[in-house]
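Letters A, B, ... mirror the listed sequences (proteins, then strands); counts begin at 1. What you see is a predicted model; the values in this text were computed from it and never measured.
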Amino acid sequence: MIETPLAVPAGAAKVSLFRRLLTHPTGVVSMVLLVLVALASVLAPLLATHDPNTASVQQVLAKAGSGHILGADSAGRDVLSRLLFAGQFSLAGALLALAVALVLGVTAGLAAGYYGGWFDSASSWLTGLMMALPGMVVLLAARAVVGPSMWLSMMIFGVLLSPAFFRLVYASVTAVRNELYVDAARVSGLSDVRIIGRHILTVVRAPAIIQSAMVLGIAIAIQAGLEFLGLGDRNIPTWGSMLNDGFINIFKSPTLVLWPALVIGLVCIALTLLANAMRDELERSRGPVKKSRKAAAAEAAADAEGAADKRGAAAVVHADEPSEDDGEILLEVTDLGVAYDQPDGSTTHVVNHVNLTVRRGEVHGLVGESGSGKSQTAFSILRLLPQGGRITGGSIFFEGKDLAQLSEKEMTQVRGKRIAYIPQEPMSNLDSAFTVGSQLMEPMRVCLGISKAQARKRALALLARVGIPNPERTFDAYPHQISGGMAQRVLIAGAVSCEPDLLIADEPTTALDVTVQAEVLNLLRELQDELNMGVILVTHNFGVVADLCDRVTVMQTGRVVETGPVRSIFNHAQHPYTRQLLGAILEDTAPRGQYTLKELKGVTS
Amino acid sequence: MTDALLDIKDVVVEYPSKGFRKKPFKALKGVSLDIRQGETVGLVGESGSGKTTLGRAVLGLAPVTGGSIKYRGQEISKATRAERRVLSHEIQVVFQDPFTSLNPSMTIEQILTEPLTVRKVGRQAANERVAELLDQVRLPAGAAHRLPREFSGGQRQRVAIARALALDPKLIVCDEPVSALDLSTQARVMELFIEIQERTGVAYLFVSHDLAVVRHLSHRVAVMYHGEIVEWGDGEQVTGAPEHPYTQRLFMAAPIPDPDRQAQHRADRLRLLEQQREQDVQAGVA
């Protein structure tokens with residue numbers, strides 16, 4: 001009975017962020033620059049030609065060249081050597097600030113997000129307070145208290161930066177805390193530390209790395225700013241203090257200010273660009289690649305060829321029952337094809353050569369499993385295919401017009417007025433910012449051109465018609481105040497408000513409880529009778545099909561495999577796929593039966 | 001009952017309501033149920049009936065504020081984390097949504113070895129166990145090094161089942177495990193559930209809103225409504241000849257996949273509703 005699902009798709013290799021950055025131009029350039037600066041700072045003792053702190057009266061403001069490659073500063077110290085050694089202190093200071101911010105922000109964010117409770121409230125309040133404090137002022141005040149220590153001021157700055165990490169981590173953690181896989185790990189008996197390490201840190205890692213690059217840039221800039229103001233430690237060389245020296249002597253030796261400014265600028269730019277590159281790589285969602293016209297034409301030809309191959313076996317068509325009274329043909333879909341453009345420039349065909357005829361007063365069931373193309377067919381009739389999807393061929397004739405060829409403006413005239421739609425998820429299809437009543441009236445006033453008072457009267461009548469017990473109250477309610485079943489009734493009321501000829505219902509009862517489903521099906525049957533509409537009912541539930549449909553079309557992997565009157569399909573299915581679907585129905589299977597210990601053969605407790 | 005694996009008595013679960021001094025929300029109002037070894041107990045109900053909450057209470061994921069849940073005579077409703085860790089060898093879970101119950105950034109192998117790390121199983125033994133588990137749920141051995149997103153819904157649910165089986169539990173709480181699957185996939189996964197039960201003697205608490213699924217799998221069935229069990233007994237009895245008015249309404253509401261029988265069924269349902277309404281009116285008058 002159990003078939004082995006062998007078709008495991010080919011593996012998509014995990015590519016590390018570092019590897020991917022190497023293919024990103026700005027990423028590579030900024031990484032190379034940062035590595036060079038870091039190396040130069042680390043190897044300063046080897047590279048420097050002079051001691052950075054040895055002053056020399058003879059060499060004050062010496063020009064570049066004479067023993068000093070970049071000249072000497074106001075105390076006669078070698079600029080290049082100072083630049084190299086200053087890198088050590090500047091970078092270390094910034095890294096210290098980053099480390100403090102990371103440790104504080106990430107741990108507090110994890111704890112607050114995962115455990116919630118009082119720690120959550122307290123730390124959120126505290127971060128709010130810290131973000132409201134002006135950083136520079138705090139640092140100036142701190143210097144007055146603790147003295148001119150670069151390390152201490154960078155640690156304080158790290159504390160001030162920690163909210164950036166706290167908020168980021170907190171948001172990520174609260175998003176995954178209630179995921180089922182975290183519950184599953186808890187049931188597995190894993191400790192909290194392990195769950196956080198395994199499941200939650202992985203989510204936080206990527207955004208934290210991006211944020212780190214940004215924060216590092218900020219720390220370097222702020223530190224340089226403090227030193228430039230002369231508030232730093234005079235005993236150690238930093239880029240900021242060199243900037244200060246250069247600025248004081250800008251008229252005597254204009255190049256002095258250039259070198260530290262250049263280094264600070266380049267490092268900060270490189271860090272920001274690196275952060276951007278990482279974000280590009282981690283959160284990449286490329287749109288379809290734009291094609292040249294020539295390539296598009298060539299592809300169209302290939303499409304036609306490919307589509308011809310995909311025609312496959314013809315669908316099984318059951319003859320109509322002779323007694324059936326043929327209504328006028330409302331919708332005729334011929335040879336419909338739908339395809340999606342893929343990011344790599346190829347196209348995926350999801351619907352191929354679909355034929356579908358819907359008569360007035362007929363409920364036509366469109367049945368199939370996920371991926372069969374049933375919803376895609378329905379959406380293409382409405383011309384509401386999601387981003388990237390397009391109709392590649394065939395025609396959709398409705399009231400003498402080919403919907404596949406209409407302009408968007410002409411299509412707007414058809415949608416809502418002549419063809420209406422009922423979605424699967426009632427709640428997500430009502431705008432939570434407006435009352436039910438206003439959402440019902442708006443389309444009526446546009447489609448029917450009636451006054452507000454008339455629309456209100458009609459909306460209330462419709463709400464009563466779809467079986468809402470207190471129409472006035474529902475009319476004034478917001479979507480979150482009504483139940484899912486009520487919301488679906490509201491959407492049905494909206495769909496029939498302009499008395500359409502064709503109603504497309506996409507799994508209208510799938511999200512509803514079974515008792516509510518029975519009532520909604522009843523309502524749909526009555527309305528269809530009353531308004532003599534054609535209905536396309538997209539569903540995977542054969543019970544719903546049996547309850548409502550006159551004709552059924554069975555789809556599999558984008559093709560129609562069988563079509564005919566509902567009784568022929570249920571009683572004389574011919575296509576193997578239809579038979580397989582019908583065979584999977586559980587309604588008629590025997591119950592499991594009595595529990596017996598016999599079933600425990602070979603099991604010892 | 002002495003041979004009960006799990007014995008649930010008058011369990012109450014209350015969630016604190018938002019807002020000052022508001023009454024907490026009672027998700028379960030005194031529910032009693034027992035599961036024997038190797039047995040499937042089906043739990044049916046509509047959304048908000050508390051069926052999922054009962055499953056979570058057994059797993060220690062819902063706040064039990066009253067009553068008792070006994071596993072082999074041992075009270076587990078107030079178990080600490082350490083006690084839970086021991087229980088994890090006995091009670092496991094398969095969730096509804098195969099798309100969110102597997103961590104998207106972990107490979108199948110990592111997912112399956114995770115519960116084993118609690119037991120401190122060695123690397124070699126863990127790898128062997130993973131191969132064995134994949135074989136049990138009929139997934140090819142090559143699946144171990146892939147990520148969840150590369151699998152279909154049915155295949156992911158098989159991975160989730162394999163994870164539940166990793167520690168050889170005696171009871172698996174199945175929370176709507178086939179609801180998100182296509183019809184034919186659903187049938188195959190259900191066969192897998194039965195096959196595993198017959199081989200290993202594991203018991204299931206099977207939560208579902210789908211009456212046909214519960215009927216097919218369960219030895220005994222409990223029907224939940226507004227946080228209470230309204231009908232509880234032999235599966236054939238409850239699904240074949242329900243006695244409680246709500247159960248009757250519930251079973252009449254499910255459409256039958258046959259046009260002619262459904263037409264009859266529909267008429268029967270309307271008659272039943274009419275009848276129950278009259279009874280209610282009479283009860284109101286009396």
Side-chain angles (χ1 to χ4, degrees), chain A residues 1-6 8-9 11-12 14 179-181 183-192 194 198-199 202-203 369-370 484 513-515 517-518 521-522 540-547 549 566-567 570 580-587 589 591-595 597 599-600 603 605, chain B residues 36-40 46-47 59 61 84-85 88 92-93 95 97 100-103 105 114-115 118 138 140 142-143 145-146 150 154-155 163 182-184 187-188 191-192 195 198 201 209 212-213 215-220 234-236 239-240 249-250 253-259 262 266 269:
Chain A
M1 176 69 207
I2 295 169
E3 295 159 45
T4 310
L6 272 172
V8 174
K14 256 189 174 177
E179 289 282 356
L180 287 175
Y181 60 79
D183 278 347
R186 240 177 258 174
V187 173
S188 293
L190 263 65
S191 62
D192 281 348
R194 198 146 194 143
R198 269 314 275 270
H199 295 281
T202 46
V203 181
E369 304 202 317
S370 50
D513 277 327
V514 60
T515 45
Q517 165 174 294
L521 289 177
N522 257 348
H540 67 275
N541 185 331
F542 276 99
V544 171
V545 172
D547 188 69
C549 295
V566 65
R567 283 179 182 76
F570 273 101
Q580 186 201 329
L581 281 183
L582 290 168
I585 292 174
L586 294 167
E587 259 76 6
T589 55
R592 183 77 185 270
Q594 289 273 327
Y595 164 76
L597 276 169
E599 287 188 37
L600 294 176
V603 178
S605 62
Chain B
R36 291 168 288 194
Q37 196 178 358
E39 184 187 36
T40 305
E46 305 205 324
S47 49
L59 294 167
L61 297 173
R84 274 278 155 208
R85 202 163 305 153
S88 72
Q92 271 302 322
V93 64
F95 285 111
D97 190 347
T100 58
S101 68
L102 305 177
N103 189 335
S105 59
E114 186 169 53
V118 182
R138 308 275 181 269
H145 301 290
R146 303 190 186 286
E150 300 171 47
Q155 288 170 330
R163 174 176 56 190
D182 274 330
L183 205 56
S184 48
R188 269 185 256 135
E191 289 311 318
L192 180 67
E195 191 207 277
E198 284 172 356
H209 70 279
V213 166
R215 178 183 162 88
H216 184 69
L217 278 173
S218 312
H219 299 104
R220 286 188 296 166
D234 180 50
E236 211 164 340
T239 60
R249 282 206 300 278
L250 191 67
I256 297 177
D258 180 302
Q262 170 57 17
R266 194 161 60 218
R269 172 174 172 267

(request) For chain A, find which of B:Asp258, B:Thr100, B:Asn103 contributes the most heavy-atom pairs closer than 4.5 angstrom. (result) B:Asn103
(message) Less than 4.5 Å to any heavy atom of chain B: does that hold for the side chain of A:Arg194, its backbone, both, or neither?
(response) side chain
(request) Check B:Ala253 against A:Ala518 and note the closest heavy-atom contact, atom names and distance. (result) O-CB, 3.7 Å
(message) Keeping A:Asp513 on the side-chain end and B:Ser47 on the backbone end, is there a donor-acceptor pair under 3.5 Å?
(response) yes
(message) For A:Ala546 versus B:Ile256, what's the shortest heavy-atom pair and its separation?
(response) CB-O, 3.3 Å
(message) I need the B:Arg266 CZ to A:Leu521 CG distance, nearest 0.5 Å.
(response) 9.0 Å
(request) Start with the C-alpha gap between A:Asp183 and B:Val93, add the side-chain angles, then the distance that decides, and say whether side-chain contact (heavy atoms from CB on, under 4.5 Å) holds. (result) CA-CA 9 Å; A:Asp183 278 347; B:Val93 64; over 6 Å; no
(message) Which one wins on heavy-atom pair count under 4.5 Å against chain B: A:Gly543, A:Gly484, A:Cys549?
(response) A:Gly543
(request) Against chain B, label A:Asp192 side chain, backbone, both or neither, depending on which of its atoms sit under 4.5 Å from a heavy atom there. (result) both
(message) Using side-chain contact (heavy atoms from CB on, under 4.5 Å), reason through A:Ser191 and B:Arg85 one step at a time and then give a plain yes or no.
(response) CA-CA 8 Å; A:Ser191 62; B:Arg85 202 163 305 153; 3.8 Å; yes
(message) If you count heavy-atom pairs within less than 4.5 Å of chain A, which of B:His209, B:His145, B:Gln92 leads?
(response) B:Gln92
(request) Please state whether the side chain, the backbone, both or neither of B:Leu102 comes within less than 4.5 Å of a heavy atom of chain A. (result) backbone
(request) Considering non-hydrogen atoms only, spot the tightest contact between B:Ser101 and A:Tyr181 and give its length. (result) O-CB, 3.2 Å
(request) Side chain from CB out, backbone as N, CA, C, O: work out which of these in A:Val545 comes under 4.5 Å of a heavy atom of chain B, or both, or neither. (result) neither
(request) Using a cut-off of under 4.5 Å on heavy-atom pairs, state which of A:Val187, A:Leu582, A:Asn522 scores highest against chain B. (result) A:Val187
(message) Contact between B:Leu59 and A:Arg186 at the side-chain level, heavy atoms closer than 4.5 Å - yes or no?
(response) no
(message) Pair B:Glu46, A:Val514 - check side-chain contact (heavy atoms from CB on, under 4.5 Å), show working.
(response) CA-CA 7 Å; B:Glu46 305 205 324; A:Val514 60; 4.0 Å; yes
(request) Taking all non-hydrogen atoms of both residues into account, name the closest pair between B:Phe95 and A:Ala184 and its distance. (result) CE1-N, 3.7 Å
(request) May I ask you to name which of A:Leu190, A:Asp547, A:Val544, A:Asn541 has the most heavy-atom pairs under 4.5 Å with chain B? (result) A:Asp547
(message) Only pairs of heavy atoms separated by less than 4.5 Å count here; which of B:Arg84, B:Arg249, B:Glu114, B:Arg163 has the most with chain A?
(response) B:Glu114
(message) Which one wins on heavy-atom pair count under 4.5 Å against chain A: B:Pro115, B:Ser184, B:Gly154?
(response) B:Ser184
